[in-house]
Amino acid sequence: MENTGKNNKETLIINQYQYTEPLMEEVQDAWAKQSYKNFIPLIIIAFVCAFFTYKEFTSHKMTLAVLFAIIGIGCLAVIIAAFISTSKKKSATLRQFHDTYHGKGFEYKITIEGNQIRSYKNGTESVNLRKGDVRGSFETERFFVFQLSGEQLLPLKKGSFIKGNVEACKNYFSENKR
């Protein structure tokens with residue numbers, strides 16, 4: 001492993017709190033909204049196709065109109081399927097959380113040391129990933145959330161930093177994009 005002058009094992013961030021159902025719901029709601037935003041380009045394409053289909057029908061260019069209609073309907077079908085899929089994933093995740101932790105939640109500790117991202121549920125390691133596994137991030141009122149590979153979410157509660165803060169999280173993510 002190459003050393004770039006920095007100590008790669010330096011603990012940059014420690015975040016610890018009790019993760020409960022209402023908190024998880026907030027994170028899952030924000031994740032769903034984030035997922036829905038990804039479909040804005042498809043919605044625009046569907047509207048453009050609808051417009052041109054209408055426009056072409058008035059000028060009797062049936063082939064082009066049918067093509068635009070098929071593309072528009074295809075985009076709408078993908079959007080509807082994505083909404084349903086995201087809603088099902090969110091509901092399943094919340095149900096699994098409730099069933100596993102019986103409404104009590106768990107003590108969540110997240111540490112970021114150099115290139116390693118680790119989380120612990122009730123003291124047991126549950127996630128051990130590398131910096132390159134961070135695919136995105138978003139914020140809620142109470143959380144800064146790393147989106148990891150495999151649709152995993154790693155929520156750091158804004159008021160629960162033992163070391164570091166939200167700015168350190170943003171900097172960590174922006175360094176990952178370079």
query: Taking it one step at a time, do Gln16 and Glu107 satisfy side chain to side chain contact (heavy atoms under 4.5 Å, CB included)?
result: CA-CA 7 Å; Gln16 188 170 358; Glu107 184 69 23; 3.1 Å; yes
- prompt: Could you go step by step and tell me if Thr20 and Phe106 meet the side chain to side chain contact (heavy atoms under 4.5 Å, CB included) rule?
  reply: CA-CA 7 Å; Thr20 60; Phe106 57 87; over 6 Å; no
- prompt: Going through the distances and angles, do Arg130 and Ile117 end up as a side chain to side chain contact (heavy atoms under 4.5 Å, CB included)?
  reply: CA-CA 6 Å; Arg130 301 190 79 46; Ile117 301 170; over 6 Å; no
task: Begin from the C-alpha positions of Arg118 and Glu125 and carry the test salt bridge (charged side-chain N to carboxylate O under 4.0 Å, His left out) through to its verdict.
output: CA-CA 7 Å; Arg118 292 186 176 96; Glu125 189 173 293; 3.7 Å; yes
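Side chain of Thr93 to backbone of Lys89: a donor-acceptor contact under 3.5 angstrom is found.
Nearest heavy-atom pair, Lys109 versus Ile14, reported as atom, atom and distance to 0.1 Å: CE-CG2, 3.9 Å. Residues Leu23 and Gln18 come closest through the heavy atom pair CD1-O, 3.3 Å. Across Val134 and Phe146, no two heavy atoms sit closer than the pair CG1-CD2, 3.7 Å. Summarising the geometry of Pro155 relative to Ile110, their closest heavy-atom pair is O-CD1, 3.1 Å, with the distance given to 0.1 Å. Smallest separation of non-hydrogen atoms from Phe97 and Gly105: CZ-CA, 3.9 Å. Between Leu12 and Tyr172 the shortest heavy-atom distance is CD1-CD1, 3.9 Å.
Side-chain contact between Tyr108 and Asn122: absent, with no pair of heavy atoms (C-beta onward) separated by less than 4.5 Å. Here the side chains of Gln152 and Asp133 are not in contact, with every heavy-atom distance at 4.5 Å or above. Counting only heavy atoms from C-beta outward, the side chains of Leu153 and Leu148 never approach each other to under 4.5 Å. Taking 4.5 Å as the limit, every side-chain heavy atom of Thr86 sits out of range of all side-chain heavy atoms of Lys90. Looking only at side-chain heavy atoms (C-beta outward), Gln147 and Leu154 stay at 4.5 Å or farther from each other.
Linking ILVMFWY residues whenever their side-chain heavy atoms come closer than 4.5 Å, directly or via other members, leaves Ile73 and Ile84 in distinct clusters. Hydrophobic clustering (side-chain heavy atoms under 4.5 Å, transitive across Ile, Leu, Val, Met, Phe, Trp, Tyr) keeps Tyr120 apart from Phe161. Val78 and Phe83 fall within the same hydrophobic cluster, where Ile, Leu, Val, Met, Phe, Trp and Tyr residues are linked whenever their side-chain heavy atoms come under 4.5 Å apart, directly or through other members.
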Taking only distance into account, with no hydrogens and no angle test, what donor-acceptor pairs under 3.5 Å do side-chain atoms of residues 136-143 form with protein atoms, sequence neighbours excluded?
{"residue": "Glu139", "atom": "OE1", "partner": "Lys158", "partner atom": "NZ", "Å": "2.9"}
{"residue": "Glu139", "atom": "OE2", "partner": "Lys170", "partner atom": "NZ", "Å": "3.1"}
{"residue": "Thr140", "atom": "OG1", "partner": "Glu26", "partner atom": "OE2", "Å": "2.5"}
{"residue": "Thr140", "atom": "OG1", "partner": "Arg142", "partner atom": "N", "Å": "3.2"}
{"residue": "Thr140", "atom": "OG1", "partner": "Phe143", "partner atom": "N", "Å": "2.9"}
{"residue": "Arg142", "atom": "NE", "partner": "Glu26", "partner atom": "OE1", "Å": "2.6"}
{"residue": "Arg142", "atom": "NH2", "partner": "Glu26", "partner atom": "OE1", "Å": "2.7"}

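Screening residues 94-104 for side chain to side chain donor-acceptor pair (under 3.5 Å) gives Glu21-His98 as the qualifying pairs, with residues at least two apart or on separate chains.
Expressed to the nearest 0.5 Å, how far CG of Asn128 lies from OG of Ser119 amounts to 9.0 Å. Atom CG of residue Asn115 and atom CG of residue Leu129 lie 12.0 Å apart, to the nearest 0.5 angstrom. Taken to the nearest 0.5 Å, the CG atom of Leu156 stands 6.5 Å off from the CD1 atom of Ile13. To the nearest 0.5 Å, the span separating CD1 on Ile71 from CG on Leu76 amounts to 12.0 Å.
Looking at residues two or more places apart in sequence or on another chain, you find a side chain to side chain contact (heavy atoms under 4.5 Å, CB included) between Ser160 and Asn15, Tyr17, Lys157.
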